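The structure under discussion appears below in the form of structure tokens.
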Number of protein chains: 2
Amino acid sequence: MKTKGKATSFDIAHFAGVSQSTVSRALRNSPLVNEETRRKVWEVAKKLNYKVDKNASNLRTQQSATLAILLFEDPTGDESQINPFFLNMLGSITRACAKEGYDLLVSFQSISQDWRAEYEDSHRADGIILLGYGDYMDYQSRLQNLLSQNTKFVCWGANVEGRPDLTVSCDNYGGGQLAAQHFIEKGRKNCVFIGDASEHSPEFLTRFKGFQETLQRHGISCGERHIANAISTEDSGYHATHSLLANNVKFDSLFAASDLIAIGAIKALKEAGLRIPEDVNVIGFDNIAASNYITPSLTTVQQNTTLAGQMLVTNLLSLIRGEDITDTLLPPKLILRQSTSQ
Amino acid sequence: MKTKGKATSFDIAHFAGVSQSTVSRALRNSPLVNEETRRKVWEVAKKLNYKVDKNASNLRTQQSATLAILLFEDPTGDESQINPFFLNMLGSITRACAKEGYDLLVSFQSISQDWRAEYEDSHRADGIILLGYGDYMDYQSRLQNLLSQNTKFVCWGANVEGRPDLTVSCDNYGGGQLAAQHFIEKGRKNCVFIGDASEHSPEFLTRFKGFQETLQRHGISCGERHIANAISTEDSGYHATHSLLANNVKFDSLFAASDLIAIGAIKALKEAGLRIPEDVNVIGFDNIAASNYITPSLTTVQQNTTLAGQMLVTNLLSLIRGEDITDTLLPPKLILRQSTSQ
DNA sequence: ATGTACTTTGACACCGGTGTCATAATGTCG
DNA sequence: CGACATTATGACACCGGTGTCAAAGTACAT
């Protein structure tokens with residue numbers, strides 16, 4: 001009992017003495033096929049180590065049981081390291097996909113380049129998950145394009161007013177509030193924010209607004225002089241903090257738009273001889289692994305990546321099934337560590 | 001100019017006034033088609049937002065321009081975190097695939113369960129990359145199975161004598177040597193190893209051997225009493241170190257089979273009131289991000305994940321093309337940090 | 001014996017491309 | 001002008017499954 005190359009359903013049909021149609025039905029456990037026939041077919045299939053050709057199957061059924069994820073890189077130009085937060089998301093999304101019986105196609109994208117978002121168009125995936133920081137301005141027109149092609153997709157990220165896509169995101173505003181409240185409880189009066197607080201980075205902007213408006217309600221202002229622009233890298237956080245210090249901005253508490261930024265900030269503060277948390281309280285955002293390892297360990301707003309990955313997948317699957325879904329906001333959680341506990 | 005649903009090559013043929021065959025040729029820039037016809041076809045295709053159906057295309061050509069990666073989980077049972085080293089590998093493999101014009105199918109696997117290594121059999125991928133720690137004993141029979149099916153695959157991991165597969169791996173033996181030499185230079189006399197030094201974890205075993213045999217040549221023994229068993233998690237490293245201390249084993253230097261283990265070990269040492277590096281020198285393996293963030297920062301044997309990912313991909317592609325390839329050993333590099341610099 | 005229902009099976013079209021072969025059109029040379 | 005090479009195109013089989021439809025076989029009631 002041998003075949004040239006991989007076994008096909010015709011090979012099985014031949015050896016089982018039935019038609020190819022019956023083989024196809026038997027292998028999918030159709031109730032239309034006789035119990036004994038089914039057993040026989042399965043037996044031969046096993047012996048031949050038969051596996052359904054997904055290309056043929058997908059072609060016929062017009063679906064792929066596959067999701068695709070597009071990961072946008074930070075515009076750091078640094079090839080070596082990927083933002084650990086997104087790496088975690090990638091992990092939890094992979095897990096969630098496996099749980100749902102879907103495969104996952106992964107690709108990195110540079111946001112400035114042409115998207116290879118052809119997965120769904122080319123029938124390789126039933127839907128797409130978009131993930132990554134990036135300039136939202138670039139982003140928007142692309143989304144519009146996906147929509148016009150009736151592509152099924154969900155985004156991780158900021159829930160921007162009027163944004164045309166469906167999103168799963170952390171309650172960034174609420175996260176900013178948590179940070180502000182914590183500073184207020186600690187009696188801090190001079191707060192700064194490190195990160196891009198512009199519409200180019202909606203996530204960061206929303207975090208900042210939750211932070212700023214909460215402070216405001218307690219009579220603390222966090223104006224232009226108290227913001228230092230930074231993208232989500234350690235280096236960027238380091239330099240931003242450095243320039244604040246160089247400009248003689250006085251502050252006793254620092255909220256960073258991400259943990260990587262916070263880690264860079266802590267380095268700059270230490271170098272300036274400032275003690276953490278005595279002189280400056282620091283709060284980050286994400287709760288990446290490193291935030292627990294640095295000294296002092298970093299108080300941070302946790303985003304639940306496990307839940308996030310799950311929600312992205314289940315929402316996308318609902319969308320594919322044609323169900324109505326809405327944006328999902330995940331609750332942030334403040335993780336208390338040494339950088340704010342004196 | 002409209003189509004119901006997604007546009008096919010027949011739609012383009014219709015609107016461009018040529019046959020479907022010609023469309024197919026034109027879109028793949030076959031030299032057989034007239035310049036003007038090609039331009040016209042491309043124009044229509046663009047207008048209709050046409051994308052080749054990969055399922056049909058793959059079915060016909062019997063290849064997929066896709067690689068699959070199977071990631072074996074650590075047997076920790078901990079759902080939340082994935083070993084950051086493998087996450088990094090995943091990232092670099094994704095990058096390498098993109099560079100070669102291949103897509104990547106990702107799936108997590110539990111080593112004890114049935115592998116869903118059907119990607120290649122089911123024509124979803126042209127080849128498979130296997131990645132992950134795991135009990136090598138389980139592993140081996142599965143590999144044999146893949147081989148017998150003529151599946152193209154490469155493995156990351158230990159280059160075990162007589163192992164039937166092609167591998168890309170770090171020179172684990174050399175890495176162990178580097179650690180031993182460094183301890184010797186520092187004048188350390190009592191060395192311990194934390195990790196599974198058995199054939200169940202060939203990588204760890206090889207690291208240990210390089211370590212032990214180098215010490216031996218300098219008259220330092222590292223016997224059974226100086227080994228504590230651990231899998232690659234922080235917890236496991238913590239407990240293993242704890243039990244060494246509880247057993248009153250005296251040591252002034254500790255080599256951990258992985259950074260995660262080393263981080264756990266450092267925690268245990270600190271709790272026992274030992275100073276690092278004064279009382280105990282510590283060296284890890286991997287150079288994950290956290291090793292640079294902990295206090296004291298961790299001296300470690302770096303595995304070049306970027307290069308590793310690239311080699312895995314290029315070797316697999318060679319294999320697929322039917323070329324002869326051999327196992328690849330990547331040079332390790334000792335990264336000096338505080339945990340060994342007094 | 002005839003009709004009806006149900007079970008089980010095979011033949012065949014179909015998914016959307018790719019590759020081969022035949023054919024038509026044009027150009028070249030003796 | 002006929003023989004032949006060259007270029008450009010269309011017709012068609014094919015990849016390996018899935019779904020529809022007709023039909024054969026069996027059971028049971030009339």
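To find a chain, count down the sequence lines: A is the first, B the second, and so on, and within it residues start at 1. All of these numbers come straight from a predicted model, not from anything done at the bench.
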Euclidean distance, atom NE2 of residue B:His123 to atom C1' of D:dC15 [Å, nearest integer]: 10 Å

Nearest heavy atoms of A:Ser92 and A:Thr305, plus distance in Å: OG-O, 2.9 Å

Touch class at under 4.0 angstrom, heavy-atom based, for A:Gln20 against every strand present: base

Heavy-atom side-chain contact between A:Glu100 and A:Thr314 under 4.5 Å: yes

Phosphate OP1/OP2 of D:dT9 contacted by B:Thr22 side-chain N/O (<4.0 Å): no

Phosphate-side-chain proximity, A:Ser19 and C:dT9, N/O vs OP1/OP2 below 4.0 Å: no

Touch class at under 4.0 angstrom, heavy-atom based, for B:Ser24 against every strand present: base

Sugar-phosphate only, base, or nothing, as touched by A:Arg25 at under 4.0 Å among non-hydrogen atoms: base

For A:Arg124, the option from B:Asp53, B:Thr66, B:Asn58 that meets side chain to side chain donor-acceptor pair (under 3.5 Å): B:Thr66

Nearest-nucleotide 5' precedence on DNA chain D, A:Ala7 against B:Thr37: B:Thr37

Pair A:Glu35 + A:Arg38: basic N to acidic O under 4.0 Å: yes

Touch class at under 4.0 angstrom, heavy-atom based, for A:Ser21 against every strand present: base

